[in-house]
2 protein chains.
Amino acid sequence: MVQSGGAPRCARDRILDTAFRMFYAHGPRGVGVDTVIAESGVAKATLYKYFPRKDDLVLAYLDKVDQVWFGQLRAAARAAGDDPRDQLVGMFDALASACRSEGYHGCAFINTAAEFEPGSDVHARTVEHKNVVRAWVTDLARRAGADDPERLARQLTLLLDGGLAAGVLDADPVTPDATRAAARVLVDAACSG
Amino acid sequence: MVQSGGAPRCARDRILDTAFRMFYAHGPRGVGVDTVIAESGVAKATLYKYFPRKDDLVLAYLDKVDQVWFGQLRAAARAAGDDPRDQLVGMFDALASACRSEGYHGCAFINTAAEFEPGSDVHARTVEHKNVVRAWVTDLARRAGADDPERLARQLTLLLDGGLAAGVLDADPVTPDATRAAARVLVDAACSG
DNA sequence: AAGTTAACAGACAGGTCTGTCTACACCCAG
DNA sequence: CTGGGTGTAGACAGACCTGTCTGTTAACTT
């Protein structure tokens, strides 16, 4: 990890970088291996050396999305202050940022899961991501003193998924505000005890 | 519309029926025209007579899903009683039914939208569906006396989308209850004035 | 200088995709 | 009996898909 911030040097990084952009924009199934090769200026043999099957590239793509998105989620929560209640609401700022970003196209995990059969490696990875995020939110809800942390976490992640999923249809700028406000109501109601 | 309830007689119905099942299970892009033909026992020329392009078949599929799903939504709301507040919460029973049904695989519209480019006919149709549903919920929220009917409708449809979208990952039986409870909290908070 | 490694360039096989086309069978009205 | 409408059966074109394979070039190591 002595990677500088500039253009990716080695071939593997270039491939993954291109796949990240293209898979998110068109869905993994909508982008051929040849297209990734052409776009990243790499030889076919090189791609298949690092990612023996296309699914391996898709898995690496999901790992990258997981890193980036989960990182933004935690950063948004942290930026909301020390009170876990505020952090539960603050994580929705990550959704607002995502909605404003160019080329926003909804939740990469939901979109990808829709394209792969349940039971496949790729599908399992998307489920795993959602479980990890929900476990993190559950912990936050517990520290916020929620009556039923698991339930609150489920409600908030469902709301988050809804806000994200709606992005594949239409990046409506009203969505993030409405979602954040709803989160506040749910958090206040669940931490009343 | 003199259609009896039994097995679809005419070729067009058989095609659409098969497409409905297969497109929902694997995504429109994941099912070839040849597969639809083989499964519905129809000649290729017949399919292309009724649906000149595959996209026409996808649009017909979305129309059918819209009819069925929107119908279930309204039926669930109606079954919850006369109070519009209860109806806003009751429509989430349609989500519960969907989650319990065999082969449940999330929201057909979100899944399909992820597979088609924004700007395409198919993508536009998915957006239209969501707008129609939200307009209906907005009307319900207005009659429920919500302070800001548009906002409440947006929050509830986002919650609904979240519950639906999560279905593509994992048909968790806890989801519908948590969603319904969250809806109750949001409705009560928005109709306080 | 020789060998090793990484990468590029691109042909190729075998399959699937959409969409068009020809040829044939049936049935019912005139 | 004839002719139009509806359907079946399946070949075909042209594009695209994944994955394998052969050769070549350049850089670094010993």
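Here is the naming used below: chain letters follow the sequence lines, and residue numbers restart at 1 for every chain.
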CA sep, side-chain torsions, deciding dist, call: A/R151, B/D177, salt bridge (Lys or Arg N to Asp or Glu O under 4.0 Å) = CA-CA 9 Å; A/R151 165 166 275 218; B/D177 287 342; 5.4 Å; no
query = Which sits closer to the 5' end of DNA chain D, A/V33 or B/R12, going by the nucleotide each is nearest to?
reply = B/R12
ask   = Do NZ/NE/NH1/NH2 and the carboxylate oxygens of B/D170 and A/K130 come within less than 4.0 Å?
value = no
inquiry  = Can you tell me if A/T46 touches the phosphate of C/dC8, counting only side-chain N or O atoms and a distance under 4.0 Å to OP1 or OP2?
reply    = yes
request  = Could you check how far CG of B/D34 sits from C1' of D/dC12, rounded to whole Å?
outcome  = 12 Å
query = For A/Y48 and C/dA9, what is the distance between atoms OH and P respectively, to the nearest whole Å?
reply = 18 Å
ask   = From D/dT8, C/dA6, D/dC12, pick the nucleotide closest to the side chain of B/R14?
value = D/dT8
query = Quick one: B/I37 CD1 to C/dC17 P, roughly how many Å, whole number?
reply = 11 Å
task = Could you tell me whether B/K49 contacts a base, only the sugar-phosphate backbone, or nothing, with contacts defined as non-hydrogen atoms closer than 4.0 Å?
result = sugar-phosphate
request  = Please work out if B/Y50 contacts a base, only the sugar-phosphate, or nothing of the nucleic acid, heavy-atom cut-off 4.0 Å.
outcome  = sugar-phosphate
task = In whole angstrom, give the distance that lies between atom CZ of A/F23 and atom C1' of D/dC17.
result = 13 Å
ask   = Does any donor-acceptor pair link the side chain of B/K44 with the base of C/dG19 at a separation under 3.5 Å?
value = yes
query = Just how far, in rounded Å, is C1' of D/dC16 from NZ of B/K54?
reply = 14 Å
Salt-bridge criterion met for A/D63 and A/R125 (N-O under 4.0 Å) = yes
ask   = Expressed in angstrom and rounded to an integer, what is the separation of B/E39 atom CD from D/dT8 atom P?
value = 15 Å
B/D13 CG - D/dG7 C1' separation (whole Å) = 15 Å
key: Centroid separation A/F109 to A/W69 less than 6.0 Å   = no
